[in-house]
Amino acid sequence: MNKIFIFALFAMIFSASLWAGNIDLVTLPSREGVQLTIYNSEDITLVKEWRFITMKKGLNKLQFSWANTLIDPTSVEFRPVEHASEIEVADTTYPGQKPQHLIWNIRSQFEGQVKVEVMYFTSGLSWHMDYVAITNPEDTDMKFEGFVRVTNNSGEEYENAQVRLIVGKINLVEKIAELARRRGLQAPPQPPSEQYDDMEKESIMDAVSKAEAPMKRASGMLSSAPKAVVKEGLSEYFIFTIEGEETVPNGWSKRMRALKADDVKFDIVYRMRSFEYGPRPVRFLIWNNDEKHNLGDSPLPDGRVRIFRDNGRDGLSFLGEKDLNYVPIKAEIEVNIGEDDFVVYKALKMSSKRSNFHFYTSGSSEYVDGWDEEQNWAEEVRNYRDKPIVFELRRIWDGDVDYASEVKTTLFDYRTTEVKFTVPARGKNAIPARVVVHNGSNAKQSRVELKEGK
Amino acid sequence: MSIYNKCSVVCAALLLTLQPFVWARIKLATLPQRERVEIQLDNGRYTLVEEERIVTLLKSTAQGNNLIDFAWSNTQIDKNSIQFRPLGISEGDKFRPIKKAKTAAGQEVDEVSVINVAYPPNENALVWEVYALEGCAVKVRVSYLIGNFNRIFSYRALANKDETLLTLKNFMKVQNYAGEDFGSAGVWAGFAERFEKWIGQQDEMLMLLQAFVDVPVKKTYLFDWYTYGQLNADKPFASRILMYYVLDNDKKNKMGLFPLQPGKARIFIQDGKGGEAFLGEDWARFTPIDDEMKLYLGEVQDVVCTRTIEKNERKTVRGNLFDQEIIVKYEIENFKDKPCTLRMLEQMNRIAQEYAGFSHGDVEWEKKIIGTSRDITFSYDDGGVLPVLQVELPARPKEKDKKVEKKIFRFHFTLKNMW
């Protein structure tokens with residue numbers, strides 16, 4: 001049920017005392033159109049609605065009310081779409097006796113029907129993305145789909161609304177929901193906040209007005225046909241525009257497909273990083289948000305990705321899910337789908353040997369204060385899958401360490417060794433390593449140095 | 001459809017002509033039945049249910065599309081995981097794949113596609129708006145993750161009387177406390193056989209996944225002084241000895257089909273009279289292919305091993321740096337009527353700590369050939385500082401007047417470069 005109304009007051013009211021008497025003679029101009037621009041980084045939605053109002057020459061009073069909604073009263077603006085040079089808002093009154101109301105005193109040199117725009121911020125409308133990927137049985141390609149889900153808890157019904165969704169982080173100095181609830185005396189705003197508030201408001205308005213084009217194109221679509229989501233970059237933001245119009249009643253949410261890509265190639269990489277992922281190797285699906293992967297039209301907003309696999313038995317297997325952070329165009333997407341029982345990693349320290357002792361002297365006694373410890377490690381990866389796997393092994397070594405292995409090793413950072421290799425199908429790889437740790441006074445550094453040889 | 005079903009798909013028989021029709025939740029509907037249900041248990045944390053139904057769709061018009069309502073109550077369906085996929089369009093007695101086609105306006109579309117999903121407030125329900133180029137019957141698959149539908153693995157091991165072969169049965173129990181009566185459903189653990197079972201709500205069903213018949217089994221006795229401790233106050237130098245059945249999960253030993261999942265194992269033995277005796281139970285650990293599954297049977301009381309430190313001598317290398325020479329002596333008696341293999345695990349770091357106060361990481365040690373019994377076999381499956389010494393013990397003598405021979409073994413080593 002609509003809770004936002006505009007009343008054209010025909011009883012000419014010249015004094016506040018008369019207004020307080022609540023004697024109104026009004027007409028109720030209905031919405032001709034409404035546009036929602038919903039942000040995902042903050043609880044803010046810019047609503048623009050258009051109505052036709054008949055003006056008379058001279059002073060006109062318009063009452064705008066929004067009981068039981070979450071509109072920020074400080075954001076409500078009135079703008080004539082037609083005859084703009086002949087119509088101006090003389091002042092805006094927020095009647096003390098009537099919360100969630102305002103009255104515009106409008107001076108008009110034009111007489112007749114005009115289209116007006118009312119714009120305001122509300123909270124309670126939100127949207128988020130989620131993604132579904134279904135890999136083929138061979139684990140080479142996937143179908144990747146993204147969905148936007150719009151939820152309306154604003155208290156207002158928005159029927160047949162044009163819906164646009166903003167991807168990107170904006171700055172708000174005050175929450176819209178708090179502004180919507182605030183009444184009475186307020187502390188004067190701090191200068192920086194005021195400045196930022198204006199700048200932020202301007203930037204949002206600007207972004208929104210520049211993005212009219214795709215919406216206008218979209219609004220001509222038949223409602224029954226499958227809809228696309230038009231994506232367009234603007235400043236630091238991306239705007240997803242849902243074709244046509246949508247109705248999202250209060251309390252409901254609606255999920256629509258925003259992107260679909262078939263034959264998205266991906267790589268599977270196993271990673272063993274006990275310090276990051278625990279004691280067993282984990283499997284990653286990796287692809288890019290780019291044209292090569294039939295994606296890259298837009299960034300991928302934050303959202304949960306669920307990965308299924310066509311199990312080759314006329315059904316799906318659920319591989320896992322992960323919250324995806326914003327993925328820019330051409331950036332890599334990595335999804336950790338957890339441990340794989342068919343890939344086994346083992347590391348054993350086979351021996352320790354100490355040498356190169358250094359002593360300090362106290363009186364006639366000598367005490368060990370430095371030594372080297374040579375460790376021989378036997379690491380092994382076993383692959384029971386029917387295809388080769390790519391395996392990445394990272395280990396952190398504390399202290400002053402010399403590392404040598406016959407398997408090509410690089411340094412990820414000053415203390416982390418990294419080895420990448422392919423394990424054949426139903427095969428295994430051994431990664432022997434000789435590690436010398438310089439201890440006590442022998443430790444001159446705190447880093448790993450790669451050495452040649454076995 | 002069973003009266004117990006709490007998960008229902010309702011296909012609105014009227015096209016959506018006015019949006020308030022939907023929002024008012026007034027339904028004139030057909031109830032497409034489940035044609036097929038698959039329950040995928042291959043992910044250890046989540047249970048995926050897939051159900052196929054045939055829905056009849058009307059041709060979409062500019063005024064509206066088909067509405068399909070999916071509702072559930074008292075079930076733990078993850079609302080956000082629900083997927084709806086049109087699979088095929090009925091053609092004769094078959095379903096053909098959905099194709100691309102052109103609308104009258106020339107727009108290329110899928111013949112059937114989901115336009116959106118709407119979630120009503122405070123209801124366990126959702127409504128799919130589905131576009132159909134022409135009126136048709138469509139096979140659709142609805143997939144969702146569900147809670148309180150679990151899998152539990154268990155094992156039943158039956159050893160032959162002389163404990164050389166063992167039949168290991170791997171069971172999977174499914175527990176349906178999801179609140180839904182699935183009826184006849186396919187169930188798959190991700191490995192082994194797929195089952196077709198009738199699974200009602202609150203049903204628990206035990207299924208045999210795989211029977212590994214006559215698998216070679218090793219019965220091992222493990223002595224680990226630092227872990228198991230003293231046998232009793234009367235024998236302060238003897239440690240408890242634990243018994244295990246050890247199976248190799250590999251093809252050579254008639255196993256190795258898949259990694260064995262963790263679960264309770266109940267162990268029985270044939271009594272030689274056509275019956276079975278219960279030996280005990282253990283929690284089987286996750287066992288990858290080619291790894292050992294060890295099943296703990298309990299303590300052995302007919303093998304006694306006394307461990308003493310026969311030699312403990314320190315030799316200064318320089319300053320406070322020294323080597324420590326140690327001989328561990330094992331005196332073992334096997335009172336069983338069968339020979340057996342005893343595995344003795346020594347924790348070298350604990351020895352170094354106890355006898356030399358060494359605490360600078362893993363100890364460096366060297367086995368002495370001279371002084372170490374030749375009939376000890378060493379293995380290092382758990383790393384260099386955890387050697388396992390394996391010795392063979394003869395059965396107790398059959399002769400009445402002969403005593404059990406006390407076998408003596410020595411492990412001679414040097415702990416090096418300590419301070």
Side-chain angles (χ1 to χ4, degrees), chain A residues 130 132 134 147 149 151 153 157 159-160 222-227 246-257 304 306 308 311 313-321 338 341-344 348-355 357 359 361 365-368 371 373 375-376 382 384 428 437 439, chain B residues 19 23 38 40 42-43 45-48 50 60-65 80-81 83 103 105 107 109-110 113-122 126 131 143 145 186 188 190 194 258-259 261 286 288-291 317-321 360-364 380-385 416-417 419:
Chain A
D130 71 274
V132 174
I134 301 177
F147 300 90
R149 183 162 163 180
T151 302
N153 288 315
E157 312 282 347
E159 287 174 19
N160 301 319
L222 282 177
S223 66
S224 64
K227 292 178 180 179
E246 289 292 341
T247 295
V248 187
N250 186 39
W252 285 65
S253 58
K254 205 170 205 182
R255 181 173 180 259
M256 293 149 276
R257 189 161 67 199
R304 179 161 291 191
R306 292 187 174 81
F308 298 85
N311 60 21
R313 306 162 67 113
D314 198 17
L316 297 182
S317 292
F318 181 64
L319 296 184
E321 60 186 3
D341 289 349
F342 288 86
V343 175
V344 181
L348 287 177
K349 191 202 258 186
M350 297 313 292
S351 68
S352 286
K353 197 173 175 183
R354 287 179 177 76
S355 61
F357 289 96
F359 295 85
T361 307
S365 302
E366 286 185 311
Y367 299 94
V368 174
W371 71 99
E373 182 189 352
Q375 305 170 356
N376 282 295
R382 307 200 309 257
Y384 295 100
K428 63 182 174 185
V437 185
N439 293 291
Chain B
Q19 294 282 7
W23 315 137
E38 289 290 328
Q40 310 287 358
D42 48 348
N43 187 310
R45 292 170 59 199
Y46 304 94
T47 299
L48 176 69
E50 293 199 283
S60 292
T61 67
Q63 282 72 44
N65 288 308
N80 297 311
S81 72
Q83 313 289 332
T103 62
Q107 188 184 358
V109 293
D110 289 330
S113 62
V114 178
I115 303 296
N116 63 51
V117 194
Y119 301 84
N122 308 318
L126 52 80
Y131 171 85
S143 312
L145 301 176
W188 193 48
R194 172 190 167 277
F258 47 80
Q261 299 297 318
F286 168 70
I289 297 170
D290 289 345
D291 271 12
V317 178
R318 179 183 162 186
N320 66 336
L321 191 67
H360 301 283
D362 286 342
V363 69
E364 177 185 351
Y380 303 93
D381 293 342
D382 297 318
V385 291
K416 300 192 71 172
N417 295 319
W419 65 97

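Chain naming here is simple, since letters A, B, ... match the order of the sequence lines and numbering starts at 1 in each. The model shown is predicted, which means the values in this text are computed figures rather than measured ones.
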Chain B interface, residue from A:R257, A:R354, A:M350 that has the most non-hydrogen pairs under 4.5 Å
A:R354

side-chain contact (heavy atoms from CB on, under 4.5 Å) between B:Y131 and B:V109, worked out:
CA-CA 9 Å; B:Y131 171 85; B:V109 293; 3.7 Å; yes

Would you please classify the geometry between the B:W419 ring and the B:H360 ring as parallel, tilted or perpendicular, with 30° and 60° separating the classes?
parallel

State whether a side-chain donor-acceptor pair under 3.5 Å links B:E50 with B:S143.
yes

Quick check on B:N122 against chain A: is it the side chain, the backbone, both or neither that has a heavy atom closer than 4.5 Å?
neither

At a 4.5 Å cut-off on heavy atoms, which part of B:D381 comes close to chain A: side chain, backbone, both, or neither?
backbone

Distance from A:E321 atom CD to A:F318 atom CZ, nearest 0.5 Å?
4.0 Å

Let's test your reading of the structure: which of B:P259, B:G186, B:P288, B:G190 forms the most heavy-atom pairs below 4.5 Å with chain A?
B:P259

Rounded to the nearest 0.5 Å, what separates atom CG in A:L348 from atom CG in A:N376?
12.5 Å

Could you check which of A:V132, A:T151, A:N311, A:D314 has the highest count of heavy-atom pairs closer than 4.5 Å to chain B?
A:D314

Quick one: what part of A:E373 sits under 4.5 Å from any heavy atom of chain B, side chain, backbone, both or neither?
side chain

Return the option, out of B:T47, B:D382, B:D290, with the maximum number of heavy-atom pairs under 4.5 Å with chain A.
B:D290

With rounding to the nearest 0.5 Å, note down the distance linking OH in A:Y367 to CG in B:N320.
7.0 Å

Report which part of A:F357 has an atom under 4.5 Å of a heavy atom belonging to chain B: side chain, backbone, both, or neither.
side chain

Chain A contact via B:E38 - which portion, at a heavy-atom distance below 4.5 Å
neither

Counting only heavy atoms closer than 4.5 Å, note whether B:E364 contacts chain A via side chain, backbone, both or neither.
both

Option in B:D42, B:L48, B:L321, B:I289 with maximal non-hydrogen atom pairs under 4.5 Å from chain A:
B:I289

Could you look at B:S81 and say if it's the side chain, the backbone, both or neither that has a heavy atom under 4.5 Å from chain A?
both

Using non-hydrogen atoms only, which part of A:R382 is less than 4.5 Å away from chain B: side chain, backbone, both, or neither?
side chain

Can you confirm whether A:L316 sits close enough to B:Q83 that some side-chain heavy atom of one is under 4.5 Å from a side-chain heavy atom of the other?
no

Chain A contact via B:R194 - which portion, at a heavy-atom distance below 4.5 Å
both

Pick from A:S351, A:S317, A:S365 with the largest number of heavy-atom pairs that fall under 4.5 Å of chain B:
A:S317

Heavy-atom distance under 4.5 Å to chain B: side chain of A:V368, backbone, both or neither?
both

Within 45° of the ring axis of B:Y119 and under 6.0 Å from its six-membered ring centre, is that where the NZ or CZ of A:R149 lies?
yes

Is it the backbone or the side chain of B:V317 that comes under 4.5 Å from a heavy atom of chain A, or both, or neither?
neither

Supply the atom-to-atom distance A:S352 OG to B:N417 CG, rounded to the nearest 0.5 angstrom.
11.5 Å

Heavy-atom pairs under 4.5 Å with chain B, option from A:F147, A:F308, A:F359, A:F342 with the top count
A:F359

